[in-house]
Amino acid sequence: MYPWLKQAWSLFQARLDADKLAHALLIHGPQGTGKRELARHMLARLACIEPGEFGCGKCRSCTLFNSGAHPDWFQLEPEEGKHQIVIEQVRTTIAALTLTSSFSPYKLALICPAEAMNRHSANALLKSLEEPPGDTVMILVAHDASRLAVTIRSRCQSVAVALPGREQAIAWLGEKAGMDSIAAGAALDAGGGSPLHAVELAESGQVVLHGKLLQQLSVLLGSPGLVSRVASELSDIEANAMWRWLSNGSADVLRSVLAGKLPDWLETGAGIDKKDLSVLQQCADRNRLLGVTPVRQDLLLQDWLIKWSQLAA
């Protein structure tokens, strides 16, 4: 288990040992923090017939769970090629949860990502959250809990997972991925503070692209005439990553300006308006969501870069 998950795991253990574990848990926090792995550890522990701190991994229930063929646990996620968990999936799972358990002490369900449920599927789940069948534990995993209905959130026991501190993350990257502190720091910046994303980006060579993007933003600030050139320089970056990095970069500058300084990658930034900067970050987030539509990304990028170039006085 990732070291930054230990606090959440200890909370789960304490609730379980004190017989205060709810029938529905909501694990929530930023992407790339290992929430799904935490949920799997919890489910394995609950499925085990002879558990210790973790599931034993040897009993028949653990063997079936690890093989993905356990009759007492179910997983809800969008079907291949789709973005939503639909009402039929929820109804099928609820019906299965009402049956008597075969091996484990609990009937178990994992819903991930929970915010993929549409309004109808969420409403179908709500009744089971209010009146759970038998010894049922449902674990919902959400990257953005605010997108879940208040009625869903209020009926779940909260398990918050945060990004690890920078020192802990860099130490982990050094131990697990063999990165020195400089490489680990650059990968961590590209991954938005997530060491899991940092490893993926380092292995795919995208950390270099992130550095290139920041360098181009620094050059462009206060120089609107360079927009076309910078847009061309950034054209080889995949849209989803680009908008995430532009959003993170804006947030980085905003935090630094509020603290009375500039981030290391920005050469100048006199007169940056904090309100305009916040609007730009929100714009980058919206444009990332538009990536699944036929909107022309090059036009969105040029418009964003023009506004960025005009931030400095």
Side-chain angles (χ1 to χ4, degrees), residues 1-17 20-49 51-57 59 61-79 84-85 89-90 92-94 96-97 101 103-117 121-122 125 128-129 132-133 135-148 152-164 172 194-197 199-200:
M1 182 182 297
Y2 303 122
W4 56 88
L5 297 177
K6 290 181 179 179
Q7 183 176 357
W9 178 256
S10 295
L11 177 62
F12 163 77
Q13 285 277 42
R15 287 170 173 171
L16 184 60
D17 292 343
K20 293 183 179 180
L21 190 71
H23 59 268
L25 310 180
L26 174 59
I27 303 176
H28 57 96
Q31 284 189 303
T33 48
K35 298 186 300 296
R36 193 183 188 104
E37 172 166 321
L38 177 63
R40 289 278 300 186
H41 277 289
M42 290 177 176
L43 291 164
R45 169 65 178 79
L46 294 169
C48 185
I49 297 171
E53 181 182 358
F54 300 96
C56 73
C59 67
S61 187
C62 282
T63 301
L64 288 169
F65 180 85
N66 291 332
S67 70
H70 201 298
D72 295 330
W73 97 274
F74 308 90
Q75 184 169 318
L76 272 176
E77 59 186 354
E79 295 177 346
Q84 292 186 335
I85 296 172
Q89 292 175 275
V90 174
T92 299
T93 299
I94 291 173
L97 290 173
S101 63
F103 295 101
S104 69
Y106 302 92
K107 302 286 286 189
L108 304 166
L110 171 65
I111 304 175
C112 180
E115 58 265 52
M117 291 187 293
S121 53
L125 180 69
S128 290
L129 292 179
D135 292 323
T136 296
V137 176
M138 288 180 275
I139 298 183
L140 287 67
V141 176
H143 306 309
D144 184 0
S146 67
R147 291 174 55 193
L148 292 172
I152 295 286
R153 283 181 278 157
S154 65
R155 287 163 175 77
C156 295
Q157 201 169 56
S158 174
V159 181
V161 178
L163 289 168
W172 183 84
S194 164
L196 304 184
H197 286 163
V199 171
E200 294 174 2

Side-chain donor/acceptor pairs under 3.5 Å, residues 29-38, sequence neighbours excluded:
{"residue": "Thr33", "atom": "OG1", "partner": "Pro30", "partner atom": "O", "Å": "2.7"}
{"residue": "Lys35", "atom": "NZ", "partner": "Gly29", "partner atom": "O", "Å": "3.1"}
{"residue": "Lys35", "atom": "NZ", "partner": "Pro30", "partner atom": "O", "Å": "2.7"}
{"residue": "Lys35", "atom": "NZ", "partner": "His143", "partner atom": "ND1", "Å": "3.0"}
{"residue": "Arg36", "atom": "NH2", "partner": "Glu77", "partner atom": "OE1", "Å": "3.2"}

Could you report the tightest heavy-atom contact between [X] and [Y], atom names first, then the distance?
{"X": "Pro78", "Y": "Cys112", "result": "CD-O, 4.1 Å"}
{"X": "Ala47", "Y": "Pro105", "result": "O-CD, 3.8 Å"}
{"X": "Ile49", "Y": "Cys59", "result": "N-SG, 3.6 Å"}
{"X": "Leu125", "Y": "Ile94", "result": "CA-CD1, 4.2 Å"}
{"X": "Tyr106", "Y": "Val137", "result": "CD2-CG2, 3.8 Å"}
{"X": "Leu140", "Y": "Ile152", "result": "CD2-CG2, 3.8 Å"}

Heavy-atom side-chain contact between Ser104 and Trp73 under 4.5 Å:
no
Can you tell if the side chain of Pro195 reaches within under 4.5 Å of the side chain of Trp4, non-hydrogen atoms only?
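A side-chain contact exists here, since the closest heavy-atom pair is under 4.5 Å.
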Restricting to side chain to side chain donor-acceptor pair (under 3.5 Å), what partner residues turn up for [X], sequence neighbours left out?
{"X": "Thr136", "answer": "none"}
{"X": "Ser158", "answer": "His28"}
{"X": "His41", "answer": "none"}

Polar side-chain atom of [X] near backbone of [Y] as donor-acceptor pair, under 3.5 Å:
{"X": "Glu115", "Y": "Arg147", "result": "no"}
{"X": "Arg155", "Y": "Ala24", "result": "no"}
{"X": "Arg45", "Y": "Gly52", "result": "yes"}
{"X": "Ser121", "Y": "Ile85", "result": "yes"}

Hey, can you pull the donor-acceptor pairs under 3.5 Å for the side chains in residues 5-14, sequence neighbours left out?
{"residue": "Ser10", "atom": "OG", "partner": "Lys6", "partner atom": "O", "Å": "3.0"}
{"residue": "Gln13", "atom": "NE2", "partner": "Glu53", "partner atom": "O", "Å": "2.5"}

When you look at Leu43 and His70, which way does the side-chain contact (heavy atoms from CB on, under 4.5 Å) test go after all the steps?
CA-CA 11 Å; Leu43 291 164; His70 201 298; over 6 Å; no
Nearest 0.5 Å, please: how far is [atom2] in [Y] from [atom1] in [X]?
{"X": "Leu108", "Y": "Asp135", "atom1": "CG", "atom2": "CG", "result": "10.0 Å"}
{"X": "Ser101", "Y": "Asp72", "atom1": "OG", "atom2": "CG", "result": "5.0 Å"}
{"X": "Gln75", "Y": "Thr93", "atom1": "CD", "atom2": "OG1", "result": "10.0 Å"}
{"X": "Met138", "Y": "Lys107", "atom1": "CE", "atom2": "NZ", "result": "12.5 Å"}
{"X": "Leu26", "Y": "Cys156", "atom1": "CG", "atom2": "SG", "result": "5.5 Å"}
{"X": "Leu21", "Y": "Leu46", "atom1": "CG", "atom2": "CG", "result": "6.0 Å"}

Can you sort out the partners of Arg40 under salt bridge (Lys or Arg N to Asp or Glu O under 4.0 Å), two or more places apart, ordered by chain and number?
none
